[in-house]
Enquirer: 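After the structure tokens below, expect a handful of questions from me.
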Amino acid sequence: MTDVAAASIAYQNALKVIKSVEPRIADAITAELTDQRGSLKLIASENYASPAVLLTMGNWLSDKYAEGTIGHRFYAGCQNVDTVESVAAEHARELFGAEYAYAQPHSGIDANLVAFWSILAHRIEGPELASAGVKNMNDLDEDAWETLRKKFGEQRMLGMSLDAGGHLTHGFRPNISGKMFHQRSYGTDPETQLLDYDAVAAAAREFKPLILIAGYSAYPRRVDFARMREIADEVGATLMVDMAHFAGLVAGKVFTGDEDPIPHAHVVTTTTHKSLRGPRGGLVLATEEYAPSVDRGCPMVLGGPLSNMMAAKAVALAEARTQEFRTYAQAVADNAKTLADGFLKRGTNLVTGGTDNHIVLLDVSKYGLTGRQAESALLEAGIVTNRNSVPSDPNGAWYTSGVRLGTPALTSRGFGADDFDRVAELIVDVLTNTTPGLTAKGVPGKAKHVLADGVSDRVHAASAEMLEANPLYPGLEL
Ligand code: DSN
């Protein structure tokens with residue numbers, strides 16, 4: 001339990017110290033708290049970390065360089081960083097039941113990069129070194145090194161398509177992963193919008209990827225990881241799961257058995273700040289087989305570990321091992337279902353027709369709006385969301401036809417079933433009272449919106465009641 005009186009004093013004093021050097025930054029920090037306290041945050045990838053997690057980030061651990069691994073650093077004096085990283089990895093292993101955990105990645109993208117290069121090291125570099133009869137890549141002659149570099153560039157990755165809910169780091173061209181790998185995507189069934197495992201298996205048989213990636217950032221359903229592992233095994237692929245979005249539901253034992261990626265995947269990556277409710281950062285979990293190559297993450301693709309952030313990860317993971325967190329995780333999933341039902345009964349179209357995780361994906365085309373117009377109308381009414389593509393989106397990835405909602409943040413504030421039904425009602429009120437704004441040529445466009453008079457005020461007033469009844473950081477005097 002957080003000692004809120006102690007946290008209040010800590011923050012008040014910290015802000016006083018910051019203000020004495022750069023008042024604009026102290027003011028921005030305070031203003032961010034005011035904004036977060038006063039809006040309905042429904043961004044599926046955001047949450048509210050505890051004061052204990054937040055306070056752990058701001059200290060002198062930040063000043064220490066510690067490239068390398070626990071007990072094998074390229075700098076002297078890393079004994080305290082060793083403790084921090086060991087505790088973070090221990091909590092991660094025990095929380096998720098993983099054979100090995102790596103706490104250094106600075107973000108989800110970094111965690112995925114560590115995973116990709118570890119898989120390449122294990123599957124491509126290792127056998128190549130063995131066939132050349134050397135232990136270290138520095139011992140390869142120039143020709144053998146060129147051959148190895150070419151082999152890295154020939155590898156294939158199969159992941160979920162972006163408009164079905166996959167993530168940019170799963171082999172798409174704007175991200176480095178799309179430049180590293182030959183990529184192919186699997187989508188969802190055109191009718192049900194659900195994952196079609198037979199289609200994934202057919203694509204895997206034809207494409208023969210080195211890496212099969214499962215995981216998503218905008219798919220409102222659970223995944224059968226046992227089935228994904230069968231597919232990977234059939235074609236000799238490594239199964240990598242990116243659980244950045246739903247790690248909190250795995251940690252909280254809402255996803256178990258075939259829905260828990262850890263027993264099925266070779267390598268699992270995650271962020272620590274979404275449903276897991278920790279600091280900004282990443283983790284890689286792996287089987288013993290992949291552990292030695294994952295352990296090479298720094299300096300293979302990462303800069304020196306952020307020891308203050310690893311410390312905050314350790315605190316958040318300790319929190320996630322409590323019964324309180326399990327209750328929270330179950331509430332996140334229950335609330336998403338209530339939210340989805342609230343839309344369905346009011347006639348809003350949902351991608352896949354509902355949810356069984358923490359995401360609800362609205363298709364706003366029936367309101368005559370793009371996702372971008374819906375997002376900005378909702379923001380005007382104090383509801384913070386983000387626009388998102390829907391499968392086969394006619395409006396592309398910039399304007400989109402969807403709005404993605406998530407329940408982790410408001411559930412952390414204590415919102416329950418009645419509140420989420422009311423949230424659905426407010427969102428429908430905004431969508432039905434918004435029309436497309438006109439372009440410079442005087443025709444309806446895809447970017448601007450017009451919200452009818454009075455709607456913003458009535459939605460703000462209704463939200464304020466719920467926000468006051470469920471305060472953010474109750475007792476924290478700032
Ligand atoms: N930004 C994260 C999300 O919103 O899902 C993924 O990168």
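As the structure lists them, so they are numbered: ligands from 1, and atoms in each ligand from 1.
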Enquirer: Which protein N or O atoms sit under 3.5 Å from any N or O of ligand 1? Give each pair with its distance.
Expert:
residue, atom, partner, partner atom, Å
ligand 1, 4 (O), S45, OG, 2.7
ligand 1, 4 (O), R404, NH2, 2.7
ligand 1, 5 (O), H245, NE2, 2.7
ligand 1, 5 (O), R404, NH1, 2.9
ligand 1, 7 (O), H167, NE2, 2.7

Enquirer: Tell me whether the NZ or CZ atom of K41 lies within the 45° cone about the ring axis of Y48 and under 6.0 Å from its centre.
Expert: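 Yes.
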Enquirer: Quick one: does NZ or CZ of R37 land under 6.0 Å from the six-membered ring centre of Y473, within 45 degrees of the ring axis?
Expert: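 No, a cation-pi geometry is absent between R37 and Y473.
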Enquirer: Which residue pairs satisfy the side-chain hydrogen bond (donor to acceptor under 3.5 Å, both in side chains) criterion with at least one member in residues 310-320, sequence neighbours excluded?
Expert: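 Every side-chain hydrogen bond (donor to acceptor under 3.5 Å, both in side chains) pair that includes a residue of residues 310-320, provided the two are not neighbours, is S50-E319.
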Enquirer: Residues two or more places apart in sequence or in another chain: which of them pass side chain to side chain contact (heavy atoms under 4.5 Å, CB included) with T400?
Expert: R387, S389, D393
Enquirer: Just one of W117, Y290, F116 clears the ring pair (Phe, Tyr, Trp, His ring centres under 6.0 Å) bar with H122, so which one?
Expert: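 The passing option is Y290.
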Enquirer: Taking only residues two or more places apart in sequence or in another chain, which ones pass salt bridge (Lys or Arg N to Asp or Glu O under 4.0 Å) with D198?
Expert: R227
